[in-house]
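Comments concern the structure below.
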Amino acid sequence: MLTKIVRTVANQLILFIVIFGLYVIVHGHITPGGGFQGGAVVVSGIVMLLVAFSSQELKKLLRERVLSIVESSGAVIFIGLAFAGIGTVFFYNLLVGTPIFGRVPAIGPGPGDIWTGGVIPLMNFAVGLKVIAGLSAVVLALALFSGGEEVEE
Amino acid sequence: MTFILGSGYAFWNPLIWIIVFMLVMVLVYFFRRRGQKAYKKGTDQARIFLCGEEVPEAGERHIRVGNIYWGFFETLKEYYNLILRPHTGVINDYILWFVAVTAISVLILLIAGLAK
Amino acid sequence: MMEYIPLDFPFLAAALLVGISFYIIIFKKNLIKLIMGIAMLAAGVNLFLVSLGYRAGGTAPIYTDVPEGPMVMSVPQALTLTSIVINVAVLALMLTMVIRIYRHTGSLDSEKSRRLKG
Amino acid sequence: MRRVTGWIVLIVLVAFLVWGVTLIHPFGYPDASDMDDYIIENSQEETGSNNVVAAVLFDYRALDTLGEATILFTAVMGVLLLLRASKRKKETS
Amino acid sequence: MAALITHSPILIIVIPLLAAFLTPLIGMTSRKARNVLVVVSLVFVAFLVFALARDISINGIHVYTLGATSPDLSIPTGFMVPVRIILEVDGMSVFFGIIWAIVSLAAAIYSLSHIASETGQNRFFTLLLLMVTGGFGMMFTGDLFNLFVFLEIASIAGAALIAFRTKFADTQEGGFKYIVVSAIASLMVLFAIGLLYAQYNSLNIAYLAQVIQYTTLDKIALGLFLIAFAMKTGMVPLHLWFPDAYSVAPASITGMLVITSHACMYAAFRICFTLYGGVINAPVVGWIIIIFGLLTMFVGVTMAVFQKDVMRFMSYHAISQLGYMWVGVGVGLAVLGNPGLLATYGRDAMSGGIFHILNHALYKPLLFFTGGALFHYTGTRDLTKMGGLAHKMKWTTILYIIGTLSISGIPPLNGFSSKILIYESVYQFNPILTITGIIVSILTLASFTKAFHSAFMGAELPEYKEVKEVPRSMIIGMVILAAGIVFVTLFPSLIVDWIIHPAADALIDPGPYISAVTGAIP
């Protein structure tokens, strides 16, 4: 638990960090970035909260159980999207050409279009969920453990 | 379906082995039947005799692992001193061995390449 | 366009990073330093991988509002990203184990905290 | 003894690595790039993604990414497994 | 059914993975449902592996291109180089797949009651399934970087599982040593992959095998590959981490770690025989492997005689047995360039080495499981504290005897049939190898007799009055492996014809493996 100034600033900054992270995740298929990078950005915000506040307080916000469920569902979404293509081949990008994220951009350099990429944006999103939940669970568990508290089953 | 496993020199057939084993067992049983009939369980005949001394408890009587093959280790003492030296249990040494073996193997491969 | 560099500095840097990290791993007995050595080894290998895909004067392989010209190779970048994430995972697990070892033995020295031998 | 052996093998290995990397193509001028050229040329058409790295990650080499996500999942599971309490709490609730 | 076979290479990898992702969710609600999920997914995977093996014996190598418009479109139309990740399953891969399917199923069933009194079971089974995924991925992939990724999955899951019993200090140390060693080995593998990628701009094993030239860089890469994978298998003198990690893990996990070690051996064989198959300096690499194999055999067994910890003792035996495989396959590699010698004894030596992998994969997990059964109620791994346990644990005793006879190569058990293949073929190459092998076999029998005497024989000890036979699921896990041993014992020729010779031939001739991917190139 740090001083009030730090806590106030952290409270304001976390919003921007989360939004930036989500931007990186969502625009993963048109600008540099993606699920892993955006997820890491969001988790860095959570680490900031961990430093500014105590791990006990953060524990009330992020439940171990909820994080576990979110992480598992992110993984299941990812693998489910891969399974969706099994009519042709596993990991077949079946959304190219459909109304959902199916547009094909103009070949060559040009402005990006968010509705492109087929399953790539969806997979980015699933991976982002997974990274956010997973890494915050790790960071939180390590912080709680160094405070003498063990993870429940 | 064949049971025979050829190996260049000879062959191996588990079925023949099992049949021979059975025959030998029958023979052994036959010899055993011809043995002494006077032995009876549960009498003094079956009691442990230790030169007239008192027989120790079950736990004391059991030969523990540390006492088995004592002579073997005594004879090979020098070999064991040598072989136990690298088994330090320190993780840094493990990686040192890895680096050493990698360096030597790469060296051998490169030298063999030069000779070719 | 960049000038041609006669020495392949990124490759050499990667090889030297690998060497330095092996030095740390072999000679430093502190477990945290050992983990730092592995992180450096990973950094060296990642640097090596990502510099393999560079093309002189190339841009990032992303078509959004990019100037015309060559693009650097994209597969090494993907491989490096994968490798980085893998190493984050490995480091997290290693640190957890070191914390546990410290709790049990009260030492971070690889010789003093040793229980298994022979 | 250990120090000397350590230094010798370390120097030998690093010498091989340094010598090896100087034999690689000059930095910035790769010898062969068929696979990468194919991906850079066709990724927009095949996957519709402007970001070629994302196309590689989630389409051309998607199994690697699945493996990567799995490794993260594994590590999270491992960390939570190792930091768990080894005794159950009284089952009151 | 046909579609199932077509997609089976990826399904075998992904079904345990999906089950692993679902296990934490389902485990929150019901423990029974979770156990059913774990066992059913592994049974289904085993079924798929056997179906795939049958299909491969009929139709040849199975290629599966991920994300393409058709599974067998390994190279994009009108192009020369494979672009996507390709799974490639040949006789060798599927041989290891069969082993892994059987052992992981047995280990999962064994764990159901072995860890029943511990916390963290959901995560334990999640990691177990992830380890299964990693192993299958290593065996079935045809892509070098993918191999690295799956190697890491198997190692990380394995390390976390080794350290499962967190209340003891030595488990943490064993897990830490394992993960450090695997991290360094896999990073060196990655460096070697980078060296190959720098020259040929490809990651596909079959394509690389076609274009590889054996330049200096390739030699350095070969050294890094070979020693890194050898370290992961536990080759002497890189075996030092092996007993530390194996002895502290839960017994079911130790059984599975043996097979991940074999998977690394598979990777080493794949690199030597397929990737470098056409260009390798076969006698030199073969002799390197043979010499290290001899060291492995001898040092492993002499260290094992010395041990007092039952799991540690068995792990040293695992090292020693790995030596037989290295020697068998190494002799095959040493005569690879000589078709005459290869036909006279090289192929038989390789078949013996590969057959020994199967046998070792059956009896060594069985022995580790019996060691875990001893630990289960006595709570100790120390042989000096044990004694008279045969009175209480009849099943365990019988299974231990089967495993002991098998590992010592007592006829008619399966260990003998593979050892005779190795001995008789290797004798023609160099008699010293056979003599060492026989000495090692004798020492193996001697040390197992010692352990048998000190753990099982003797009068009932007062401190183990409460000990009883282990729960039923542990016995089922062990009986699965024992049944495998009995089957291989009775039909050695059948096994050799069905799966061993195809595997050996797949190693000897990399041609079909290469042309299955690059055959479309004009």
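Here is how names work: the chains are called A, B, and so on, in the same order as the sequence lines, proteins then strands, and each is numbered from 1.
Note: E/Leu17 leads E/Ile13, E/Ile10, E/Leu17 in heavy-atom pairs under 4.5 Å with chain D. Highest contact tally toward chain E, considering only D/Ala75, D/Ala32, D/Pro30, is held by D/Ala32 [criterion: heavy-atom pairs under 4.5 Å]. Among D/Val21, D/Asp31, D/Leu83, D/Leu80, the residue making the largest number of heavy-atom pairs under 4.5 Å with chain E is D/Leu80. Note: D/Thr74 leads D/Thr74, D/Val79, D/Leu23 in heavy-atom pairs under 4.5 Å with chain E.
Of all heavy-atom pairs between D/Gly78 and E/Ala160, the closest is CA-CB, 3.7 Å.
Interatomic distance, CG of E/Asn201 versus CG of D/Asp34, reported as 6.5 Å (0.5 Å rounding). Rounding to the nearest 0.5 Å places OH of D/Tyr38 at 14.0 Å from CE of E/Met80. The NE2 atom of D/His25 sits 10.0 Å away from atom CG of E/Leu217, with the distance rounded to the nearest 0.5 Å. In this structure, CG in D/Leu82 is found 10.0 Å from CZ in E/Phe164, a value given to the nearest 0.5 Å. Here CG of E/Leu224 is found 10.5 Å from CZ of D/Phe16. Values are rounded to the nearest 0.5 Å. In this structure, the separation between OH on E/Tyr200 and CE on D/Met35 is 14.5 Å, given to the nearest 0.5 Å.
In this structure, chain D has heavy atoms under 4.5 Å from both the backbone and the side chain of E/Ile156. For E/Ile220, the part lying under 4.5 angstrom from a heavy atom of chain D is the side chain only. Interface remark: E/Phe145 contributes backbone and side-chain atoms alike to the contact with chain D (heavy atom separation under 4.5 Å). For E/Phe148, no part lies near chain D; criterion is any non-hydrogen pair under 4.5 Å. Looking at D/Leu81, the atoms closer than 4.5 Å to chain E (heavy atoms on both sides) sit in the backbone and in the side chain alike.
The backbone N or O of E/Thr119 lies less than 3.5 Å from a partner atom in the side chain of D/Arg84, making a donor-acceptor pair.
Within residues 63-73 of chain D, the residues having any heavy atom closer than 4.5 Å to a heavy atom of chain E are D/Leu63, D/Asp64, D/Leu66, D/Gly67, D/Glu68, D/Thr70, D/Ile71, D/Phe73, listed by residue number. Heavy-atom proximity under 4.5 angstrom to chain E picks out D/Glu46, D/Asp59, D/Tyr60 from residues 45-60 of chain D.
Within the 4.5 Å cutoff, the side chain of D/Arg61 has no heavy atoms near those of the E/Leu66 side chain.
Residues that satisfy the side chain to side chain contact (heavy atoms under 4.5 Å, CB included) test with E/Leu25, not counting sequence neighbours, are A/Ile69, A/Ser72, E/Leu22.
Among residue pairs with one or both ends in residues 3-21 of chain D, none qualify as side-chain hydrogen bond (donor to acceptor under 3.5 Å, both in side chains); sequence neighbours excluded.
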